[in-house]
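Heads up, the thing below is written out as structure tokens.
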Amino acid sequence: YFFCHSSMGKFKPVTTEQLFLRPPSIEDFIPAGHLARVINDVVETIDVTEIESRYSFLGQKSYPPHLLLKLLFYGYSIGVRSGRKIASACEQDTAFMYLSSMYKPDFRTLNDFRKNNTAFIQQSFIHVVQLCKGLGMARAGMLILDGTKLKANASAGKTKNKEQYEQWVERIDADIKNILDEAARTDEQEDKQYGNKRGDELPKELRSKQKLKEKIKQVLEQMSSKKERINLTDNEAKYIKNKGCIDLNYNCQAAITEDGIIVGAYTSNNCSDRVETMKSVNTAEQNTGDQYAEILADSGFATYDNFEELHNRNKTIFIPDQQMNTETGKEQNPYHRNHFVYNKEKDCFICPQNKELAFYGTSVHQRSKQRSKVYKCKACQTCEKQPLCTKGNYRQIHVEEREPLRQQIRERLNSKEGKLKYFKRMRIESIFGNIKHNLNYIHLYMQGIAKTTAEWQLICIGHNLKKIHQFKIT
């Protein structure tokens, strides 16, 4: 017997010059259940008449808006958002080639389309949310709120106050004077320097200095006080603390349903989430057309005003206040406020030494304007436990008028059912973890609240499209 030991007998033949028997279809290179097919079908349902009406019949034919949307949506779904990387993928990646119909749009085309259609991106986000509802996803009932910080596309070194900007303008004026003086000294060498040009063109360095000076003056006009600090590159970016570091960030807000669909998304330059609570709820309800009965969020969203408004709108609140998690250790002190018992009939508190803290009056917080009832003990000076109870002459307890509502929320959260329900809030943390760590979205490319909102919504569209893809597979 003869055994063939040659490599041709063991392996399949490989050649890069093999011709196809018939012209191939790009459809053949994409599996039936691929994410690109889902995105192709979803984008085709979006009405792009508004964008198409802005294009002219003159000149070179433009790429269809549907095509560019497909590339952006798929790119953001898999963590590719750079216009250059998407343009390169249209030449190498079969999924991008499928979505682009083998066209190869330039990176500037993709970047300009994204930059010039921020309002339409918001409409597309709402469309995808409504599509999720039509598929039986994005169930109404529970709404989970949270915010995450993404770095702004701006240099911290260009954030200055009014005085610093004025000093910068003075330095630019001195530079411009030096450039003009140097140009005057070289007039006699004009022919050699300019050749066939007129010789009166502004030097490139001078043009850039004048452009910078005009931009600084625009920022100075926006400043209302000497202490205010504005960034020259992105006027709306603010210093916001993120994981212990203070940097130029945007506060990216999201509201998700119980099944993990992002139904509300926008960016803000507010440091705190407290001022975003109602806006986030309202945005989600406007996008979906649903009313959510249960609101879940962390303590960063808690204020008496938010509690009151949500309660008045018949929402069941699962939001712990800031003191709820910190009071556990402090309660070990026998004279902690929680050990004072309220007597509703007498409208007074009874201290651990069985002394009364009678109603003393009403106080209004100067900054927050919160009204509180003040209870004061007048027997403190004769009490031997006074040094352990208070640092002042008399022990006082301030009770905000909406304190019963806060206690009601605490009781709900401390119940067994409340703890199980509040644990569902962690679902939004896993979404942020996937966005920031798996897809590497830790900073924003665009500048300004309107454009960063559009970019954040593109990121959220990518998340929702993958949820639709998983839903179709299952």
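In this text the structure is predicted, and so the values were computed from the model without any measurement.
For the salt bridge (charged side-chain N to carboxylate O under 4.0 Å, His left out) criterion with Glu294, the lone passing option out of Arg412, Arg425, Lys315, Lys421 is Lys421.
Using modelled atom types and a 3.5 Å distance limit, the side chains of Glu403 and Tyr304 yield a donor-acceptor pair. Counting only N and O atoms by type, the side chains of Asn434 and Asn438 include a donor and acceptor under 3.5 Å apart.
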Inset, instruction - Carefully, step by step, assess Ile461 and Leu72 under the rule side chain to side chain contact (heavy atoms under 4.5 Å, CB included). - result: CA-CA 10 Å; Ile461 286 172; Leu72 287 174; over 6 Å; no
Inset, instruction - Before giving the answer on side chain to side chain contact (heavy atoms under 4.5 Å, CB included), spell out for Arg313 and Met278 the whole-Å C-alpha distance, their side-chain angles and the decisive distance to 0.1 Å. - result: CA-CA 11 Å; Arg313 290 168 59 172; Met278 298 315 305; 3.2 Å; yes
Legend entry - Ser62 and Phe113: CA distance, side-chain angles, deciding distance, side chain to side chain contact (heavy atoms under 4.5 Å, CB included) verdict: CA-CA 11 Å; Ser62 303; Phe113 181 84; over 6 Å; no
Legend entry - Derivation of the side chain to side chain contact (heavy atoms under 4.5 Å, CB included) call for Lys436 and Leu150: CA-CA 9 Å; Lys436 297 179 75 172; Leu150 296 185; 3.9 Å; yes
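Residues satisfying the side chain to side chain donor-acceptor pair (under 3.5 Å) criterion with Asn40, sequence neighbours excluded, are Lys70. Residues passing the salt bridge (charged side-chain N to carboxylate O under 4.0 Å, His left out) test with Arg84: none are found, sequence neighbours excluded. By the salt bridge (charged side-chain N to carboxylate O under 4.0 Å, His left out) test, Glu308 is found to be paired with Arg402, residues two or more places apart in sequence or in another chain being considered. With sequence neighbours left out, Tyr239 forms a ring pair (Phe, Tyr, Trp, His ring centres under 6.0 Å) with no residue at all. For the salt bridge (charged side-chain N to carboxylate O under 4.0 Å, His left out) test, residues two or more places apart in sequence or in another chain that qualify with Arg37 are Glu27. Here Lys419 pairs with nothing under the salt bridge (charged side-chain N to carboxylate O under 4.0 Å, His left out) rule; sequence neighbours left out. Every residue two or more places apart in sequence or in another chain was checked for a ring pair (Phe, Tyr, Trp, His ring centres under 6.0 Å) with His311, and none qualifies. Judged as a ring pair (Phe, Tyr, Trp, His ring centres under 6.0 Å), and not counting sequence neighbours, the contacts of Tyr74 are Phe96. Shown here are the ring pair (Phe, Tyr, Trp, His ring centres under 6.0 Å) partners of Phe349, two or more places apart in sequence or in another chain: Tyr342, Tyr375.
The side-chain heavy atoms of Pro352 and Pro334, taken from C-beta on, include no pair separated by under 4.5 Å. Counting only heavy atoms from C-beta outward, the side chains of Ile317 and Phe301 never approach each other to under 4.5 Å. Side-chain atoms of Tyr76 and Cys460, non-hydrogen and from C-beta on, never get closer than 4.5 Å to each other. Considering only heavy atoms from C-beta on, Phe125 stays 4.5 Å or farther from Leu458 through its side chain. By the 4.5 Å heavy-atom criterion applied to side chains, Val43 and Val48 are not counted as neighbours. Thr277 places none of its side-chain heavy atoms less than 4.5 Å from the side chain of Thr303.
Proximity of a side-chain donor or acceptor of Arg395 to a complementary backbone N or O of Tyr335 within less than 3.5 Å is detected. A donor-acceptor pair under 3.5 Å links the side-chain atoms of Lys466 to the main chain of Ser77, judged by distance alone. Without hydrogens or angle criteria, Thr453 side chain to Thr267 main chain gives a donor-acceptor distance under 3.5 Å. Judged by distance alone, with hydrogens and angles left aside, the side-chain atoms of Asn269 form no donor-acceptor pair with the main-chain N or O of Lys238 at under 3.5 Å. Remark: side-chain polar atoms of Glu401 are not paired, donor with acceptor, to backbone N or O of Arg371 under 3.5 angstrom. Remark: the backbone N or O of Pro65 is not paired with any side-chain donor or acceptor of Glu52 at under 3.5 angstrom. Side-chain N or O atoms of Arg114 include none that pairs as donor or acceptor with a backbone N or O of Ala454 at under 3.5 Å. Proximity of a side-chain donor or acceptor of Asn338 to a complementary backbone N or O of His336 within less than 3.5 Å is not detected. Between the side chain of Asn270 and the backbone N or O of Ser272, no donor-acceptor pair lies under 3.5 Å. Judged purely by atom type and a 3.5 angstrom limit, Asn117 has no side-chain atom pairing as donor or acceptor with the backbone of Phe120.
Ion pairing of Arg406 with Glu400 is absent here, as no side-chain N (NZ or NE/NH1/NH2) approaches a carboxylate O to less than 4.0 Å.
The side chain to side chain donor-acceptor pair (under 3.5 Å) analysis of residues 121-134, with sequence neighbours excluded, yields the pairs Thr45-His127, Glu50-Gln123, Lys133-Asp290. Note on residues 380-393: no pairs pass side chain to side chain donor-acceptor pair (under 3.5 Å), not counting sequence neighbours.
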Show which side-chain atoms of residues 253-261 pair as donor or acceptor with protein atoms under 3.5 Å away, not counting sequence neighbours.
from, atom 1, to, atom 2, distance (Å)
Gln253, NE2, Asn251, OD1, 3.0
Gln253, NE2, Asp273, OD1, 2.8
Thr257, OG1, Asp259, OD1, 2.4
Thr257, OG1, Ile261, N, 3.3
Glu258, OE2, Lys424, NZ, 2.8
Asp259, OD2, Ala138, N, 2.9

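Taking every heavy atom of both residues into account, Gly264 and Thr283 meet most closely at CA-CG2, 4.4 Å.
Aromatic rings of His443 and Tyr441 (six-membered ring for Trp) have centroids beyond the 6.0 Å cut-off, not under it.
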